[in-house]
Amino acid sequence: FPVTINEVQVLNKTADLRDRVVLTNHSTTDIYISNSDDVSSNNGILMPGVAGYQLILYNRDPIWAIAASGTVKLGYCEEVK
């Protein structure tokens, strides 16, 4: 999934279907994650710029992302009930 320096919604909110989501940074650029469209480097969860770095979230909220610079690739895998 392409992520840029502008906020982008990666996943929508789900009902009670999603147990967790695994996010994978496929770049060497930092990515910031939030459940809000105002995600920034000041308030987002840092995914370090390490190719293959994974972050597991246990929530059903929407997931928003922003890149520290340029355009990067963010992978995701949802685990559902």
Side-chain angles (χ1 to χ4, degrees):
F1 193 92
V3 176
T4 67
I5 58 171
N6 299 310
E7 302 90 351
V8 62
Q9 188 171 17
V10 178
L11 290 169
N12 292 321
K13 181 177 180 174
T14 62
D16 290 332
L17 301 177
R18 183 192 312 148
D19 282 336
R20 69 180 184 159
V21 63
V22 179
L23 302 174
T24 304
N25 187 347
H26 291 288
S27 73
T28 55
T29 301
D30 292 347
I31 300 174
Y32 298 91
I33 305 295
S34 177
N35 64 351
S36 173
D37 63 355
D38 70 347
V39 60
S40 71
S41 60
N42 293 326
N43 63 16
I45 299 169
L46 171 64
M47 288 190 72
V50 176
Y53 184 90
Q54 292 188 323
L55 176 66
I56 300 172
L57 299 175
Y58 293 88
N59 72 35
R60 295 178 179 98
D61 294 331
I63 296 175
W64 290 79
I66 190 170
S69 64
T71 300
V72 299
K73 291 184 181 178
L74 176 67
Y76 67 87
C77 179
E78 290 183 277
E79 183 178 303
V80 295
K81 291 182 181 181

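Treat the numbers as computed from the prediction; the structure is a model and nothing was measured.
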Would you give the length of the straight line joining atom CZ of Arg18 to atom CZ of Arg60, rounded to the nearest 0.5 angstrom? 8.5 Å

Of Leu74, Asn35, Val21, Asn12, the one forming a side-chain contact (heavy atoms from CB on, under 4.5 Å) with Ile63 is Val21

Could you check Ile66 against Val8 for side chain to side chain contact (heavy atoms under 4.5 Å, CB included), going step by step and ending with a plain yes or no? CA-CA 7 Å; Ile66 190 170; Val8 62; over 6 Å; no

With the 4.5 Å side-chain cut-off for hydrophobic clustering, are Leu57 and Tyr76 part of the same group? yes

Check step by step if side chain to side chain contact (heavy atoms under 4.5 Å, CB included) holds for Lys73 and Val3. CA-CA 6 Å; Lys73 291 184 181 178; Val3 176; over 6 Å; no

Note: Ala67 and Val72 closest approach over all heavy atoms is CB-CG2, 3.8 Å

Interatomic distance, OG@Ser34 vs CD@Gln9, rounded to 0.5 Å, equals 11.0 Å

Atom pairs and distances, side-chain donor-acceptor, residues 42-56, under 3.5 Å, sequence neighbours left out:
| from | atom 1 | to | atom 2 | distance (Å) |
| --- | --- | --- | --- | --- |
| Asn43 | OD1 | Ser40 | N | 2.8 |
| Asn43 | OD1 | Ser40 | OG | 3.3 |
| Asn43 | ND2 | Asp38 | O | 3.2 |
| Gln54 | NE2 | Thr24 | OG1 | 3.1 |

From CA spacing to verdict: side chain to side chain contact (heavy atoms under 4.5 Å, CB included), Arg20, Asn59: CA-CA 6 Å; Arg20 69 180 184 159; Asn59 72 35; over 6 Å; no

Closest non-hydrogen contact found for Ile31 with Ala65 is CG2-CB, 4.1 Å

In Å and rounded to the nearest 0.5 Å, what is the CG to CD1 distance from Asn25 to Ile33? 8.5 Å

Same cluster or not: Trp64 versus Phe1, using hydrophobic residues (I, L, V, M, F, W, Y) connected whenever any side-chain heavy atoms lie under 4.5 Å apart? no

